[in-house]
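Atoms within each ligand, like the ligands themselves, are counted from 1 in listed order. In this chain, residues are counted from 1 in sequence order.
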Amino acid sequence: MTISVIRRFKNIYSVGVCIAIPPQKPTPVPTGVPKTGYMIESMVTATAHNIREELEGREPSHKGTWNALCLADFGDSGIAFLAMPQIPPRNVQWSSRGKWVHWAKIAYEKYFMRKVRKGLSEPFYERLPLKVMGIMRLKKS
Ligand SMILES: Cc1cc2nc3c(=O)[nH]c(=O)nc-3n(C[C@H](O)[C@H](O)[C@H](O)COP(=O)(O)OP(=O)(O)OC[C@H]3O[C@@H](n4cnc5c(N)ncnc54)[C@H](O)[C@@H]3O)c2cc1C
């Protein structure tokens, strides 16, 4: 039903954990494709740009990369990973673990909350270093 509604009303968007991404293939136990923060920021950025284009009478042209860049905090340790794109086939897969992830997550949380309070989405000092590493929210059109 959701898909038919989306197909019928192409200007209705849905983002984040509320959408169900179909799994790659059937599994013995039902599974869903995981969603992480950066992947959702990618969806939201594409959606915001597309809504603007539609309001201006243009065709929506933006697509999210669905890259996954994640700091998973385990308390006294953690895992950092990068998967581009999150859903295979992937071009980049990297992961690392250690106490540094825990501290990096604390630092990121403070940075993120400051961004939210200031109403910033992706300031240049965040976008530029990520771009140098090839990590972008939007697909090149
Ligand atoms: C324990 C845990 C650890 C995670 N760790 C990581 C991580 O390290 N890195 C990473 O990238 N991702 C992580 N994730 C995943 C990431 O947090 C989620 O994918 C992301 O927050 C989802 O964003 P969202 O905006 O779609 O939904 P949410 O962040 O869940 O936002 C939805 C919002 O809608 C509000 N809401 C719900 N119903 C209503 C309603 N009826 N009316 C008004 N408001 C409503 C909720 O209160 C909530 O604020 C983690 C998730 C969990 C659960």
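- Between the side chains of Glu122 and Thr45, no donor N or O sits under 3.5 Å from an acceptor N or O.
- Proximity of atom 47 (O) of ligand 1 to the protein is not indicated, since no non-hydrogen protein atom lies closer than 4.0 angstrom.
- A 6.0 Å sphere centred on NZ of Lys63 holds no more than 12 heavy atoms belonging to other residues, nucleotides or ligands.
- For atom 15 (C) of ligand 1, a protein non-hydrogen atom is found at a distance below 4.0 Å.
- For atom 42 (N) of ligand 1, the protein comes within 4.0 Å by no heavy atom at all.
- When the shell of 6.0 Å around OH of Tyr125 is examined, it contains more than 12 heavy atoms from other residues, nucleotides or ligands.
- By the definition of a contact as any protein heavy atom under 4.0 Å away, atom 20 (C) of ligand 1 is in contact.
- Closest to atom 13 (C) of ligand 1 among all protein heavy atoms lies Gly37 N, 4.5 Å.
- Contact annotation: for Met39 versus ligand 1, there are no heavy atoms closer than 4.0 Å.
- At a heavy-atom distance under 4.0 Å, atoms from both the backbone and the side chain of Val17 approach ligand 1.
- Ligand-side atoms of ligand 1 in range of Lys35: 15 (C), 19 (O), range being under 4.0 angstrom from any heavy atom.
- Two residues are said to be in side-chain contact when any heavy atoms from C-beta on lie closer than 4.5 Å; Ser121 and Lys115 fail this criterion.
- Remark: Glu56 engages Arg52 in a salt bridge, criterion side-chain N to carboxylate O under 4.0 Å.
- Atoms of ligand 1 lying under 4.0 Å from any heavy atom of Gly16, numbered from 1 in the order shown and given with element: 26 (O).
- Which parts of ligand 1 touch Lys105 is read off a 4.0 Å heavy-atom cut-off, strictly below it: atoms 7 (C), 8 (O), 9 (N).
- Atoms of ligand 1 found under 4.0 Å from any heavy atom of Ala72 (numbered from 1 in listed order, with element): 8 (O).
- When distances from atom 31 (O) of ligand 1 to the protein are checked, no heavy atom turns up under 4.0 Å.
- Closest heavy-atom approach to atom 18 (C) of ligand 1 among the candidates Ile40, Ile79, Leu71: Ile40.
- Atom numbering of ligand 1 starts at 1 in the shown order; those under 4.0 Å from a heavy atom of Cys70 are 7 (C), 8 (O), 9 (N), 10 (C), 11 (O).
- Around CZ of Arg58, the count of heavy atoms belonging to other residues, nucleotides or ligands within 6.0 Å exceeds 12.
- Here the side chain of Gln93 pairs no donor or acceptor atom with the backbone of Leu82 at under 3.5 angstrom.
- Not a single protein heavy atom sits closer than 4.0 Å to atom 34 (O) of ligand 1.
- There is no side-chain donor-acceptor pair under 3.5 Å between Arg137 and Ser42.
- Inside a 4.0 Å radius of atom 10 (C) of ligand 1 there is at least one protein heavy atom.
- The residue Asp73 has no part lying near ligand 1, judged by heavy-atom distances below 4.0 Å.
- Between Tyr111 and Glu126 there is a side-chain heavy-atom pair separated by less than 4.5 Å.
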Test side-chain contact (heavy atoms from CB on, under 4.5 Å) on Met39 and Thr36 and set out the steps. CA-CA 5 Å; Met39 186 188 189; Thr36 53; 4.0 Å; yes
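- Counting only heavy atoms, the protein never gets under 4.0 Å from atom 5 (N) of ligand 1.
- Side chains of Ile40 and Val17 form a contact here, defined as non-hydrogen atoms less than 4.5 Å apart.
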